[in-house]
Amino acid sequence: MGEILEADKERKITLNVDDEAPLFCLKNGEDDDVCLKDFIGKKVVLYFYPKDNTPGCTIEACEFSANFDEFIAQNAVIIGVSPDSVKSHANFAAKQSLKHILLSDSDHEVSKLYGVWQVKKNYGREYLGVVRSTFVIDENGKICKIYKNVRAKDHAAKVLADLAK
C-alpha cells in the first residue's frame, strides 16, 4: 500500500446541513446504474460503510433493512455505499436478505465527494478507508442531517426517530 499523503490526512467531511448533496451514479448489486437525482421527491438516507460481511457493517445493514417499511412510510429511500464490488454487494444482500439498495464505490470517488474517505488508525497503522457516516437528504436534494463516526448498533433506529420528528 502506498504512503498516505498530507492531503489525505486532512480529508474530512466538509459538507454541512443545507448544502446541496453531491450528485452521483453508482452500480448496484444487479450492475444497474442508480443515481441520486432519481430520488428527487423522496428523502434519501445515504449511509457509507467500510465493508460487506464484517460484524459492524452487517449489524448496520440488517437494522436498516429490518426498519425498511418504516423508512418507506417516512417517504425515505435507504442507500448503503461501500468500496465493495457489485458482486460482493449482491452476495451480501442475498445472504442477509437486505431490502434496501447497496451501491459499489470501488474507486472511492463518491466517498471522497462526501468526505468519508479518510485516514483511519488501527493498532498503530494508518490507512485510508471509509469512516462510517450517514447523510439524510431531503426531497429537494439538500442535506438535512449528518451523522459522523457512526456506531453501527441502533443507528438505523436513531435515523428513523429523527426522520419522524
Side-chain angles (χ1 to χ4, degrees), residues 1-17 19 21-31 34 36 44-68 71 76-137 143-163:
M1 199 139 91
E3 78 181 80
I4 296 172
L5 304 173
E6 285 305 312
D8 290 325
K9 289 184 179 186
E10 300 304 314
R11 187 178 288 137
K12 60 185 179 189
I13 296 173
T14 56
L15 295 172
N16 297 298
V17 169
D19 285 352
L23 296 176
F24 63 85
C25 293
L26 292 172
K27 299 279 187 191
N28 66 12
E30 287 76 51
D31 206 30
V34 175
L36 185 60
V44 176
V45 176
L46 180 66
Y47 77 96
F48 291 86
Y49 66 100
K51 189 158 180 53
D52 291 342
N53 293 303
T54 56
C57 297
T58 300
I59 287 168
E60 185 177 29
C62 288
E63 287 183 3
F64 272 117
S65 196
N67 290 291
F68 184 80
F71 280 98
V77 175
I78 306 162
I79 301 174
V81 178
S82 84
D84 294 295
S85 69
V86 167
K87 183 177 181 189
S88 176
H89 282 335
N91 292 339
F92 183 46
K95 181 178 178 182
Q96 300 300 333
S97 301
L98 300 178
K99 299 176 184 175
H100 61 281
I101 300 165
L102 297 179
L103 299 178
S104 174
D105 184 27
S106 57
D107 62 5
H108 318 123
E109 289 307 311
V110 176
S111 297
K112 289 175 185 175
L113 274 177
Y114 280 81
V116 302
W117 186 251
Q118 299 177 19
V119 173
K120 297 171 76 172
K121 292 181 183 181
N122 194 15
Y123 299 111
R125 194 178 121 244
E126 287 188 343
Y127 60 96
L128 288 168
V130 171
V131 173
R132 191 184 311 276
S133 309
T134 301
F135 298 81
V136 178
I137 301 164
I143 297 170
C144 58
K145 184 88 175 162
I146 301 171
Y147 304 84
K148 300 177 183 179
N149 294 309
V150 167
R151 283 221 178 303
K153 185 159 176 40
D154 301 324
H155 176 59
K158 182 175 178 18
V159 174
L160 187 57
D162 286 348
L163 277 177

Is there side-chain contact between N53 and K95, with heavy atoms separated by less than 4.5 Å?
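With C-beta onward as the side chain, the pair touches.
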Considering residues at least two apart in sequence or located in another chain, which fulfil the side-chain contact (heavy atoms from CB on, under 4.5 Å) criterion with C25?
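So C25 forms a side-chain contact (heavy atoms from CB on, under 4.5 Å) with C35.
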Does [X] use its side chain to pair, donor to acceptor, with the backbone of [Y] at less than 3.5 Å?
{"X": "Y114", "Y": "P22", "result": "yes"}
{"X": "T54", "Y": "G56", "result": "no"}
{"X": "D105", "Y": "E109", "result": "yes"}
{"X": "N28", "Y": "D31", "result": "yes"}
{"X": "S133", "Y": "V131", "result": "yes"}
{"X": "S65", "Y": "K99", "result": "yes"}

Can I143 and N16 be said to form a side-chain contact (heavy atoms from CB on, under 4.5 Å), step by step?
CA-CA 7 Å; I143 297 170; N16 297 298; over 6 Å; no
Would you mind listing every ring pair (Phe, Tyr, Trp, His ring centres under 6.0 Å) that reaches into residues 77-98, with sequence neighbours excluded?
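Output for this query is empty, none listed.
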[X] to [Y] - nearest heavy-atom pair and separation:
{"X": "C57", "Y": "P50", "result": "SG-CD, 3.4 Å"}
{"X": "D19", "Y": "T14", "result": "OD2-O, 4.3 Å"}
{"X": "A21", "Y": "I137", "result": "CB-CD1, 3.6 Å"}
{"X": "F48", "Y": "S111", "result": "CD2-OG, 3.8 Å"}

Nearest 0.5 angstrom please: [X] [atom1] to [Y] [atom2], how far?
{"X": "L46", "Y": "L36", "atom1": "CG", "atom2": "CG", "answer": "7.0 Å"}
{"X": "L26", "Y": "I79", "atom1": "CG", "atom2": "CD1", "answer": "9.0 Å"}
{"X": "F135", "Y": "Y47", "atom1": "CZ", "atom2": "OH", "answer": "14.5 Å"}
{"X": "Q96", "Y": "N91", "atom1": "CD", "atom2": "CG", "answer": "11.5 Å"}
{"X": "L113", "Y": "L23", "atom1": "CG", "atom2": "CG", "answer": "9.5 Å"}
{"X": "L103", "Y": "D84", "atom1": "CG", "atom2": "CG", "answer": "12.0 Å"}

Audit row: F71, V77, side-chain contact (heavy atoms from CB on, under 4.5 Å) steps and yes/no
CA-CA 7 Å; F71 280 98; V77 175; over 6 Å; no
Basic-acidic side-chain contact under 4.0 Å: K120, E126:
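Looking at E126 together with K120, the answer is no, because their closest N to O distance does not fall below 4.0 Å.
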Kindly list each side-chain donor-acceptor pair under 3.5 angstrom involving residues 150-162, sequence neighbours excluded, with atom names and distances?
{"unit_1": "H155", "atom_1": "NE2", "unit_2": "T134", "atom_2": "OG1", "d": "2.7"}
{"unit_1": "D162", "atom_1": "OD1", "unit_2": "K165", "atom_2": "NZ", "d": "3.3"}
{"unit_1": "D162", "atom_1": "OD2", "unit_2": "Y147", "atom_2": "OH", "d": "2.6"}

CA sep, side-chain torsions, deciding dist, call: V119, Y127, side-chain contact (heavy atoms from CB on, under 4.5 Å)
CA-CA 5 Å; V119 173; Y127 60 96; over 6 Å; no
Does a sphere of radius 6.0 Å around NZ in K51 hold more than 12 heavy atoms from other residues, nucleotides or ligands, not counting ones at 6.0 Å or beyond?
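Counting neighbours around NZ of K51, 12 or fewer heavy atoms of other residues, nucleotides or ligands fall under 6.0 Å, so no.
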